[in-house]
> 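The structure under discussion is supplied below as structure tokens; questions concerning it will follow.
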Amino acid sequence: MWDPRSDGKVTKGDFRNHIKRLGLKPKSIHEVDDLFELWDGDHSGSIDMDELRDALIALHKDYKRRL
């Protein structure tokens with residue numbers, strides 16, 4: 001689902017669409033783009049599945065720590 005082209009990469013456009021599909025309502029598109037840039041660890045212009053997995057795991061751990 002995150003990877004519509006099945007190439008192992010999520011583009012910035014894909015990422016924006018998925019944020020909308022998740023029902024998240026960022027204050028601006030810049031917030032979404034900033035998160036994309038943060039998660040694009042190698043600054044390739046796309047988030048590969050390993051980067052996405054690592055980012056989501058870190059987000060989940062941070063969430064659990066704040067409970």
Side-chain angles (χ1 to χ4, degrees):
M1 182 167 128
W2 281 87
D3 178 15
R5 289 166 305 288
S6 299
D7 62 357
K9 299 182 186 295
V10 178
T11 66
K12 191 177 284 188
D14 298 334
F15 191 74
R16 287 175 176 174
N17 289 335
H18 288 296
I19 294 297
K20 287 179 191 174
R21 281 188 189 155
L22 289 171
L24 301 175
K25 302 204 185 306
K27 294 177 187 174
S28 73
I29 195 70
H30 300 293
E31 274 188 333
V32 177
D33 290 350
D34 288 348
L35 183 58
F36 178 89
E37 297 297 328
L38 179 68
W39 287 6
D40 179 15
D42 62 2
H43 307 289
S44 65
S46 63
I47 300 172
D48 64 40
M49 292 295 109
D50 289 335
E51 289 170 324
L52 181 60
R53 183 197 66 236
D54 292 347
L56 292 173
I57 288 170
L59 187 64
H60 183 257
K61 285 179 181 178
D62 185 54
Y63 170 77
K64 287 183 81 173
R65 190 180 78 242
R66 293 173 188 247
L67 290 179

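In this text, all values refer to a predicted model and were calculated from it rather than measured experimentally.
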> Output the distance between atom CD1 (Ile57) and atom CZ (Arg53), rounded to the nearest 0.5 Å.
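Reported to 0.5 Å precision, the distance equals 5.5 Å.
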> Rounded to the nearest 0.5 Å, how far apart are OG of Ser46 and CZ of Phe36?
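Ser46 OG to Phe36 CZ: 6.0 Å, rounded to 0.5 Å.
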> Enter the distance from His30:NE2 to Glu37:CD here, rounded to the nearest 0.5 Å.
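Answer for the NE2-CD pair, His30 versus Glu37, is 12.5 Å.
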> Rounded to the nearest 0.5 Å, how far apart are CG of Leu38 and CG of Asp33?
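Answer rounded to 0.5 Å: 12.5 Å.
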> Please lay out, stage by stage, how Arg16 and Thr11 fare under the test side-chain contact (heavy atoms from CB on, under 4.5 Å).
CA-CA 9 Å; Arg16 287 175 176 174; Thr11 66; over 6 Å; no
> State, with a plain yes or no, whether a side-chain heavy atom of Ile47 is found less than 4.5 Å away from one of Lys12.
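The answer is no; the side chains never approach within 4.5 Å.
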> Same cluster or not: Trp39 versus Leu22, using hydrophobic residues (I, L, V, M, F, W, Y) connected whenever any side-chain heavy atoms lie under 4.5 Å apart?
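Yes; Leu22 is reachable from Trp39 via cluster members.
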> Are side-chain heavy atoms of His60 and Lys64 found at a separation under 4.5 Å?
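Counting from C-beta outward, His60 and Lys64 do come under 4.5 Å.
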> Within the structure provided, determine whether Asp14 and Arg5 are in side-chain contact (heavy-atom separation under 4.5 Å).
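Asp14 vs Arg5: side chains touch.
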> So, taking the atom named CD1 in Ile29 and the one named CG in Asp34, what distance separates them when rounded to the nearest 0.5 Å?
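Between atom CD1 of Ile29 and atom CG of Asp34 there are 10.5 Å.
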> Taking C-beta and beyond as the side chain, do Leu52 and Leu56 meet within less than 4.5 Å on heavy atoms?
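Of all side-chain heavy-atom pairs linking Leu56 with Leu52, at least one is under 4.5 Å.
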> Please answer whether the main-chain N or O of Gly45 pairs with a side-chain N or O of Asp40 as donor and acceptor at a distance below 3.5 Å.
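Checked: pair present.
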